Structures are given as structure tokens and as C-alpha cells.
Amino acid sequence: MSAARATMRLVLLGPPGAGKGTQAKALEDRFGVPQISTGDILRANVAAGTPLGVKAKAFMESGKLVTDDVIVGMMEQELVGKHSFLLDGFPRTVAQAVALDDLLGRLGLPLTGVLLFEAERTTLVARLAGRWTNPRNGRSYHAAFNPPKVAGIDDEDGGPLVQRLDDMADVIEKRLETYERETAPLIGYYGSREMFVRIDALAPIDVVAESVDRALAGNEAAR
Ligand code: AP5
């Protein structure tokens, strides 16, 4: 696969902690295609106290989804004018997926792939409980599985890492329940499309990245 790939419009799907953000950042670094993380956008709005952040805060802190109308409106603004993108954390409900298909249909920019990152619950909980995040750019580390060079410091910008409030044990449980109830139905929504690929997300980060590359090469060959 060439690093000069011009077109990549991907949905990265999977439960909290599956590694969507980690792989999105790796793809962004390798191919220059922008990651659009709804979670990062919402957290920036919460931190800045914008009207969107005020609406989103309580949902996020309790492990629930922010309402579809708020998310779809936000993403319509984000996607206009972008030809390639990595959607990390969106869509998250069937209503959001229908709205995305509708928007991309109007823009004449169909998805080129949907990657489902699969991992079991015990691993997801361990990953989220040990995660450290750079709130300035959304980059994540893990205390044991993917540690920064210096504990608590981002390798890239040298600033402090933090633990997300929704990575507390009780909220992790709620987020996993929310995923099963509201987001897992998207596997049925996208599952019969040719560009839908399941990725074994239990493997180490670099092995998952290789699976992603193979999936993208396969999708490209099929187009
Ligand atoms: P969001 O920020 O999207 O959180 P999430 O989907 O729960 O996903 P995470 O960021 O927790 O996990 P990830 O899969 O990206 O894993 P990561 O790569 O960090 O959403 C937060 C909240 O915002 C939601 O709860 C909701 O309230 C709201 N929201 C967002 N989008 C919304 C939408 N569309 N609609 C409504 N509400 C929305 O990896 C996790 C850890 O594991 C890291 O420490 C990492 O270093 C490590 N790791 C990653 N891969 C591996 C590996 N292969 N092996 C070992 N360790 C690994």
C-alpha cells in the first residue's frame, strides 16, 4: 500500500478500548489522512465550556451517548470540504449511520472501508483502566502495554498525560453496556457491505496495524 494514498474514508468501529484511536493516529501519521474523533472534539468542547460541551458533559461522564441530533449536526460541519478522513467514534448508532450515508451520498463521497476492531471484555477493561491520554492531541498510551518514554509525559509534545474521567471502573462498565445496546447493531448495518472488515484487536499494536494495512489493501483491490 502506498503512503501517497489519496483517498481514504474509513469508519473505525469497535468497543471502548479496542484501539480505534491508537490505530487512527497511526494511520494519520503514515498516510496524512485526518482522524476525526468525536470523543476528542467533545472533550475539547467540554474543556472550553462551549454550549456543545455543556450539553455533552453529563452524558460523557455517565458513560451514555450524546444525543444523535447534537452529534450529527457537529459531524456535518466537520465533514464538509474533507475528501479523506478516518472516523473514530462515529457513527455510534444506526440513526447516526443513516445520517452519515445520507450526507456522504449528497457529497458524492462514499465510504471506502468500515473496520471493526474486535476484543473481549477483560482486555478492554484492562486497556481503559491503564490508559493515559494527552488531552491536547488525543494521543493515548498505556501504563503496561504502550508506555511513554517518561511516565506521565507525552513523547511528542513533552506535556503531561492525564487519565480520562470516563476511564473510572464504574463508567467503563456503563460505556461497555452502552456499546452493546446502541453501537453493536452497526455490525448488522455495515456487515454485508464488501468493504466491511473484522480486525483482531487483541493482538499487539503493531500487529493490529499490519492487519489494518492488509484490510485497506484488500479493499483498494476490490474497488
Ligand atoms: P470516545 O472518546 O470515542 O471513547 P470510546 O469509543 O469509548 O473509545 P476509547 O477512546 O475509549 O477507545 P479506543 O478504541 O479509541 O481505544 P484507544 O486506542 O484509546 O467517546 C467518549 C464519549 O464521548 C462517549 O462515551 C460518548 O459519551 C461521547 N461520544 C463520542 N462519540 C459519540 C457519538 N458518535 N455519539 C454519541 N456520543 C459520543 O486504546 C485504549 C488503550 O489501550 C490505550 O491505553 C492504548 O494505548 C491501549 N491499546 C490500544 N491498542 C492496543 C493493543 N493492540 N494492545 C495493547 N494495548 C492497546
Side-chain angles (χ1 to χ4, degrees), residues 11-28 35-46 52-53 55-76 78 86-97 99-100 115-120 122-135 137-148 154-155 161-168 171-184 186 199-212:
V11 167
L12 308 188
L13 187 60
K20 306 178 294 294
T22 300
Q23 295 300 328
K25 283 269 184 268
L27 283 170
E28 187 177 59
Q35 172 201 28
I36 303 179
S37 159
T38 39
D40 286 350
I41 297 169
L42 291 168
R43 277 184 289 280
N45 276 277
V46 170
L52 171 61
K55 274 189 204 159
K57 189 169 189 283
F59 292 104
M60 296 175 77
E61 287 178 357
S62 59
K64 293 182 185 150
L65 294 184
V66 178
T67 55
D68 287 335
D69 57 328
V70 169
I71 295 292
V72 169
M74 177 180 106
M75 290 305 283
E76 283 184 347
E78 282 291 327
L86 310 168
L87 297 179
D88 167 11
F90 175 83
R92 206 91 151 208
T93 63
V94 171
Q96 291 180 18
L100 176 65
L115 308 184
L116 172 64
F117 292 85
E118 296 185 295
E120 45 70 41
T122 315
T123 300
L124 298 172
V125 172
R127 287 186 184 173
L128 294 172
R131 172 165 61 182
W132 288 83
T133 303
N134 179 339
N137 61 19
R139 193 171 290 275
S140 285
Y141 297 84
H142 190 280
F145 308 140
N146 181 29
D154 183 63
D155 291 348
L161 300 172
V162 299
Q163 287 195 288
R164 277 171 42 178
L165 284 177
D166 63 350
D167 282 346
M168 299 300 124
V171 190
I172 290 175
E173 285 303 320
K174 295 255 165 49
R175 287 163 62 204
L176 291 170
E177 284 165 21
T178 301
Y179 174 81
E180 287 305 327
R181 195 177 56 247
E182 312 227 24
T183 308
L186 288 179
I199 304 279
D200 174 10
L202 282 175
I205 291 172
D206 52 343
V207 176
V208 177
E210 287 166 14
S211 302
V212 169

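Counting starts at 1 for both ligands and their atoms, in listed order. Owing to the predicted nature of the structure, the values given are computational and were not obtained by experimental measurement.
Two residues are said to be in side-chain contact when any heavy atoms from C-beta on lie closer than 4.5 Å; M60 and V171 fail this criterion.
Here the straight-line distance linking atom CD1 of I199 with atom CD of Q23 works out to 8.5 Å at 0.5 Å rounding. Remark: I71 CD1 to L100 CG distance equals 12.5 Å, nearest 0.5 Å. To the nearest 0.5 Å, atom OG1 of residue T178 and atom NZ of residue K64 are 8.5 Å apart. Taking CG of D69 as the start and CD of Q96 as the end, the distance is 10.0 Å to the nearest 0.5 Å. Here CG of N45 is found 7.5 Å from CE of M74. Values are rounded to the nearest 0.5 Å. From L87, atom CG reaches atom CD of E78 across 10.0 Å, with rounding to the nearest 0.5 Å.
At a heavy-atom distance under 4.0 Å, only side-chain atoms of I71, from C-beta outward, approach ligand 1. With a 4.0 Å cut-off on non-hydrogen atoms, I205 touches ligand 1 through its backbone as well as its side chain. Contacts of K64 with ligand 1, taken as heavy-atom pairs under 4.0 Å, involve the backbone alone. Contacts of P15 with ligand 1, taken as heavy-atom pairs under 4.0 Å, involve the backbone alone. Within the 4.0 Å heavy-atom criterion, neither part of A24 lies near ligand 1. Contact annotation for Y141 and ligand 1: only backbone heavy atoms (N, CA, C, O) come within less than 4.0 Å of the ligand. Heavy atoms of D166 found under 4.0 angstrom from ligand 1 belong exclusively to the side chain. The side chain of N146, and not its backbone, has at least one atom closer than 4.0 Å to an atom of ligand 1 (non-hydrogen atoms only; side chain from C-beta on). With a heavy-atom cut-off of 4.0 Å, S37 does not touch ligand 1 at all. Heavy atoms of T133 found under 4.0 angstrom from ligand 1: none, in either backbone or side chain.
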Inset, instruction - Just do the side chain to side chain contact (heavy atoms under 4.5 Å, CB included) check on L115 and K20 with the steps written out, would you? - result: CA-CA 9 Å; L115 308 184; K20 306 178 294 294; over 6 Å; no
Inset, instruction - Could you walk me through whether N137 and D154 pass the side chain to side chain contact (heavy atoms under 4.5 Å, CB included) test, one step at a time? - result: CA-CA 10 Å; N137 61 19; D154 183 63; 4.2 Å; yes
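Ligand 1 lies nowhere less than 4.0 angstrom from a heavy atom belonging to M75. In this structure, G14 does not count as a contact residue of ligand 1, since none of its heavy atoms falls inside 4.0 Å of the ligand.
Looking at atom 35 (N) of ligand 1, its nearest protein heavy atom turns out to be Q96 NE2, 3.0 Å. Counting only heavy atoms of the protein, atom 37 (N) of ligand 1 lies nearest to V66 N, 3.1 Å. For atom 53 (N) of ligand 1, the closest non-hydrogen atom on the protein side is A203 O, 2.8 Å. The protein heavy atom nearest to atom 45 (C) of ligand 1 is T22 OG1, 3.7 Å. Protein heavy atom at the shortest distance from atom 4 (O) of ligand 1 is R164 NH2, 3.2 Å. Among protein heavy atoms, the minimum distance from atom 38 (C) of ligand 1 is reached at L42 CD1, 3.9 Å. The protein atom (non-hydrogen) at minimum distance from atom 48 (N) of ligand 1 is R127 CD, 3.9 Å. Protein heavy atom at the shortest distance from atom 19 (O) of ligand 1 is R131 NH1, 2.7 Å.
Residues G89 and T38 approach most closely at O-OG1, 2.9 Å, considering heavy atoms. Between L176 and P16, the shortest heavy-atom contact is CD2-CD, 4.0 Å. Shown here for V208 and D200, the closest heavy-atom pair between the two residues is CG2-O, 3.7 Å. Scanning all heavy atoms of the two residues, the minimum distance from G17 to L124 falls at C-CD2, 3.6 Å. Heavy atoms only, all atoms of each residue included: L116 and Y179 are closest at CD1-OH, 4.0 Å.
Considering backbone and side-chain N/O atoms, F90 never comes within less than 3.5 Å of an N/O atom of ligand 1. Considering backbone and side-chain atoms together, A18 places an N or O closer than 3.5 Å to an N or O of ligand 1. The shortest N or O to N or O distance between G19 and ligand 1 is below 3.5 Å. For ligand 1, the polar-atom distance check finds an N/O of R92 within less than 3.5 Å of one of the ligand's N/O atoms. Remark: ligand 1 and D88 share no N or O pair separated by less than 3.5 Å (distance only, no angle test). Some N or O of T38 is nearer than 3.5 Å to an N or O of ligand 1, by distance alone. Not a single N or O atom of G63, backbone or side chain, sits closer than 3.5 Å to an N or O atom of ligand 1. In terms of N/O distances under 3.5 Å, ligand 1 is not approached by P91.
Which parts of ligand 1 touch H142 is read off a 4.0 Å heavy-atom cut-off, strictly below it: atoms 44 (O), 46 (O). Listed by atom number, the atoms of ligand 1 under 4.0 Å from R175 heavy atoms are 4 (O), 5 (P), 7 (O), 9 (P), 11 (O). Against a heavy-atom cut-off of under 4.0 Å, L128 is close to the following atoms of ligand 1: 11 (O). Near R43, with a cut-off below 4.0 Å to any heavy atom, the atoms of ligand 1 are 2 (O), 21 (C). Listed by atom number, the atoms of ligand 1 under 4.0 Å from F145 heavy atoms are 55 (C), 56 (N). The contact set between ligand 1 and P204, taken as ligand atoms under 4.0 Å from a residue heavy atom, comprises 53 (N).
Formation of a donor-acceptor pair under 3.5 Å by the T133 side chain with backbone atoms of S140 is not found in this model. Counting only distance, with no hydrogens or angles, the side chain of Q35 and the backbone of S37 share no donor-acceptor pair below 3.5 Å.
For atom 34 (N) of ligand 1, the nearest non-hydrogen atom from the set G21, A26, G89 comes from G89.
The number of heavy atoms from other shown groups lying within 6.0 Å of NZ (K25) is above 12.
No side-chain donor-acceptor contact under 3.5 Å links Y141 and N134.
Look at K57 and E61 and you find a salt bridge, because one of the NZ, NE, NH1 or NH2 atoms lies within 4.0 Å of a carboxylate O, short of that distance. Ion pair R175/D167 flagged as a salt bridge, since at least one NZ, NE, NH1 or NH2 atom sits closer than 4.0 Å to an Asp/Glu carboxylate oxygen.
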